[in-house]
There are 2 protein chains.
Amino acid sequence: MDHDKSELSERKKQILKAIVHAHIEGGEPVGSKYVLENQHLTCSSATIRNEMAELENMGYLEQPHASAGRVPTERGYRFYVDSLVEHYVMTANEIAQINRLLHAKMSELDQILVEASNLAANLTNYTAIAIKPRASSVSINKFETIYLEPDHYILVAVSSTGSVKSKHLQTKQPITPETLANLSDVLNMVLTNLSADQITLPHMMKLEALLGNDAHLASDLIKAVYDLLNELDEGEVKVSGLDRLLQYPEYSDVAQLQALLGTLENKEEFLDLFSKSEGDDVSVLIGSESEVKVMNNSALVFKPITKDGKTIGAIGILGPRRMDYAKVLATLEGLTGNIADLIGSNNQLTGGKGNGGEQKDDG
Amino acid sequence: MDHDKSELSERKKQILKAIVHAHIEGGEPVGSKYVLENQHLTCSSATIRNEMAELENMGYLEQPHASAGRVPTERGYRFYVDSLVEHYVMTANEIAQINRLLHAKMSELDQILVEASNLAANLTNYTAIAIKPRASSVSINKFETIYLEPDHYILVAVSSTGSVKSKHLQTKQPITPETLANLSDVLNMVLTNLSADQITLPHMMKLEALLGNDAHLASDLIKAVYDLLNELDEGEVKVSGLDRLLQYPEYSDVAQLQALLGTLENKEEFLDLFSKSEGDDVSVLIGSESEVKVMNNSALVFKPITKDGKTIGAIGILGPRRMDYAKVLATLEGLTGNIADLIGSNNQLTGGKGNGGEQKDDG
DNA sequence: TTTTAGCACTCTTTAGCCTCGAGTGCTAAC
DNA sequence: GTTAGCACTCGAGGCTAAAGAGTGCTAAAA
């Protein structure tokens, strides 16, 4: 068997493409007769059958059972995505929806990601995922405190990625607003630009020293800062349009669907997946190509959103293996390109103005 | 037909209870023979059949088809929940798990709610929901600004419920930290303790007046405050253990499951449901008792968490109508009781303050 | 050498039919 | 009011037959 891609004749490619398209649409095995009718080929169904048999030998197609039509294999889809898929041209309406999102001018990435993934689910009719990747070593750029009551204040931290997180803190003894102001100054001096595992005993001692009379606050503070850093490190996976999965018959197997839902909820496996991707190119994982075993008859397409060379998020599409890759790829490109623009030019997130999103084309 | 609950004889109650228990466990129709064997009654199966026929006439039971056993109706479950259910005694292990949650000493309500709902899903083996209700008229108690760069700062707002939210803002012209400090003073003077619809033109004019040279910042600020208030108003619904639904055969109907998932994702209907409940008692909605039409063969049990008379959150359990109400009720009581303790005594949320930091964007 | 027509073959799907068994309702006796 | 007995109903499951879709193979044609 020669599996060289270049060995596929034009006709074979055409037939494979036709089968992939038919299978994407209907989900059923595709027979030679169907290919003949829907693809204007100048040959008979017998010839197509021969070609199909060869494509099966080469591993691009398979038969669910002896007298059924052919279904593209994982490998067939891989070849389709790599070499055969054509650029999907978005409708005016689709473009308009993306533009509408763009004009909403949201300033916070979390929100943008969720909205974008909602839209992605709507446009593609698959389930979409918004990912905020794990940040391995976030630090805090700036601390601020907010005085509420004599024994109750809020600690606010701005991370190196621009996230803002806060924690309510309570003190055993009353403190004054002035003490509090001093406290944030000290924090800014001692604990900025340190990741969780860089905070050591000397920092803590320095903190206590600088706090002077208020040294008793130190241990609670360190704990709070530590918690904040850990929260900032955590990745997030938010799923939109889960119900859309169910319209595809491949998910009518309850046990498998249950496993998939469980995995989605766990989010760890997905975060691992994303953390393994590099650069800001679209990734297409078909079936067993992803290490999430529960996704054997699913496909996951995702595109990272980068800023200044760092991955700050990603949008993914999850669906059956027979996914409309052309449309999914185009949608992700369109959306993430626009998000990058949004972040780069027209909003409040900058500081080191960004790189207006890179355009990638599929294929 | 006399439907008076008091008219149910002891034996009828016993039979109904037996059928409910059997159906909760197995999900299948229950026959007279089964009742006879598992309930030590001093009568024959024929008598039980007679009683069951009467219970059916009264509307507590129904037959899926003529030669099947009986299944409790919605009304049957309602009667069971109101009058028949016995207190479930938690195992030491279950209590230990709840206590472990308690000892985690989280300070932010959001986090507590999510963790508690995770635990609820684990303990009951149903799907759990953490709800942060819509707050109809939140106001901002305190503003704070954080200077990042000459044209980039963060606006932080502490709401009347204790939530902290922030927004990145960018200015066209550079501003100094002193300007920024003044800005937060002005905001605290003009825009605190106002809900979104109480902010009127005079406020805006006063803001501009007080800002003096920096009046050009006013419109962006008002917009940001408005956005913050709206975000604070929004309710949230977070689902845990969705995969658990699928183990119950009532959810093997794909179309219905799809509708349910869609509704869960929408969250509006659920928030409406919660907003209609009053006080801090457990609510049990069986089948069509909830107005969510998609839940006709489901049940929803939820318990609000109140603090100083205000509902600050809720935990709910969603499952099939034949839910183990005894266990679910006990679990919710145990959990929410402990959460109230957590908030009341031992943490940083006091002073009528609720919710903790939401982080926004990276970027 | 490649293509094509024809045909036998395979395998799934569906419908119909039957039996089995669970569970009931009714009647008549206790 | 309770019980034993029995006929009846209805779904589940298994078996068979027919239909249909699609293939692989062979032999002839291009």
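Order of the sequence lines sets the chain letters (A, B, ...), proteins ahead of strands, with each chain counted from 1. Given the structure is predicted, the values throughout are model-derived calculations rather than measurements.
As a whole-Å value, the separation of Asn57(B) CG from dC26(C) C1' is 15 Å. Taking atom CD of residue Gln63(B) and atom C1' of nucleotide dA22(C), one finds them 12 Å apart after rounding to whole Å. One interatomic measurement links the two molecules: CG of Leu55(A) to C1' of dT23(D), which rounds to 15 Å at whole-angstrom precision. Between the C1' atom of dC10(D) and the CD atom of Glu62(B) lies a distance of 17 Å, rounded to the nearest Å. Atom C1' of nucleotide dC26(C) and atom CD of Glu56(B) are separated by 15 Å, given to the nearest angstrom. Going from atom NZ of Lys33(B) over to atom C1' of dT3(D) covers 17 Å, rounded to whole Å. Counting to the nearest Å, the C1' atom of dT3(C) and the NZ atom of Lys12(A) are 13 Å from each other.
Side-chain atoms of Tyr325(A) do not come within 3.5 Å of backbone N or O of Val301(A) as any donor-acceptor pair. In this structure, Glu74(B) contributes its side chain and Ser288(B) its backbone to a donor-acceptor pair below 3.5 Å.
Axis angle across the helix from dT1(C)-dA30(D) to dC30(C)-dG1(D), with five pairs used at each end and values rounded to 10°: 20°.
The distance from the OG atom of Ser83(A) to the CG atom of Leu16(A) is 9.5 Å, given to the nearest 0.5 Å. Atoms CG and CG, on Leu242(B) and Leu242(A) in that order, are 6.0 Å from each other to the nearest 0.5 Å.
Residues passing the side-chain contact (heavy atoms from CB on, under 4.5 Å) test with Glu291(B) are Lys276(B), sequence neighbours excluded.
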Hey, can you pull the donor-acceptor pairs under 3.5 Å for the side chains in residues 32-41 of chain B, sequence neighbours left out?
{"residue": "Tyr34(B)", "atom": "OH", "partner": "Asn38(B)", "partner atom": "ND2", "Å": "3.3"}

Identify every side-chain donor-acceptor pair in residues 246-258 of chain A under 3.5 Å, counting partners at least two apart or on other chains, and give the distances.
{"residue": "Gln247(A)", "atom": "OE1", "partner": "Asn125(A)", "partner atom": "ND2", "Å": "3.0"}
{"residue": "Gln247(A)", "atom": "NE2", "partner": "Asn125(A)", "partner atom": "OD1", "Å": "3.4"}
{"residue": "Gln247(A)", "atom": "NE2", "partner": "Arg244(A)", "partner atom": "O", "Å": "3.0"}
{"residue": "Tyr248(A)", "atom": "OH", "partner": "Asn125(A)", "partner atom": "O", "Å": "2.8"}
{"residue": "Glu250(A)", "atom": "OE1", "partner": "Arg322(A)", "partner atom": "NE", "Å": "3.3"}
{"residue": "Glu250(A)", "atom": "OE1", "partner": "Arg322(A)", "partner atom": "NH2", "Å": "3.1"}
{"residue": "Glu250(A)", "atom": "OE2", "partner": "Arg322(A)", "partner atom": "NE", "Å": "2.9"}
{"residue": "Tyr251(A)", "atom": "OH", "partner": "Ser298(A)", "partner atom": "OG", "Å": "2.5"}
{"residue": "Tyr251(A)", "atom": "OH", "partner": "Gly319(A)", "partner atom": "O", "Å": "3.1"}
{"residue": "Ser252(A)", "atom": "OG", "partner": "Pro249(A)", "partner atom": "O", "Å": "2.6"}
{"residue": "Asp253(A)", "atom": "OD1", "partner": "Ala255(A)", "partner atom": "N", "Å": "3.3"}
{"residue": "Gln256(A)", "atom": "NE2", "partner": "Asn297(A)", "partner atom": "OD1", "Å": "3.2"}
{"residue": "Gln258(A)", "atom": "NE2", "partner": "Asp243(B)", "partner atom": "O", "Å": "3.2"}

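Between Leu273(A) and Glu269(A) the shortest side-chain heavy-atom distance does not fall below 4.5 Å. Ser9(B) has its side chain within reach of Glu51(B): a pair of non-hydrogen atoms, C-beta onward, lies under 4.5 Å apart.
For Glu28(B), the CD atom counts as loosely surrounded, since its 6.0 Å shell holds 12 or fewer non-hydrogen atoms of other residues, nucleotides or ligands.
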Chi angles and distances behind the side chain to side chain contact (heavy atoms under 4.5 Å, CB included) call for Glu94(B), Lys327(B): CA-CA 11 Å; Glu94(B) 286 163 346; Lys327(B) 183 161 190 180; 3.0 Å; yes
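Using a 4.0 Å cut-off, some side-chain N or O of Arg70(B) falls inside it from OP1 or OP2 of dT24(C).
Contacts with DNA chain D (heavy atom under 4.0 Å) in residues 36-52 of chain B: Thr42(B), Cys43(B), Ser44(B), Ala46(B), Thr47(B), Arg49(B), Asn50(B), listed by number.
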Every protein N/O lying under 3.5 Å from an N/O of nucleotides 9-13 of chain C:
{"residue": "dT10(C)", "atom": "O2", "partner": "Ser67(A)", "partner atom": "OG", "Å": "3.2"}
{"residue": "dC11(C)", "atom": "O4'", "partner": "Ser67(A)", "partner atom": "OG", "Å": "3.4"}
{"residue": "dC11(C)", "atom": "O2", "partner": "Ser67(A)", "partner atom": "OG", "Å": "3.0"}

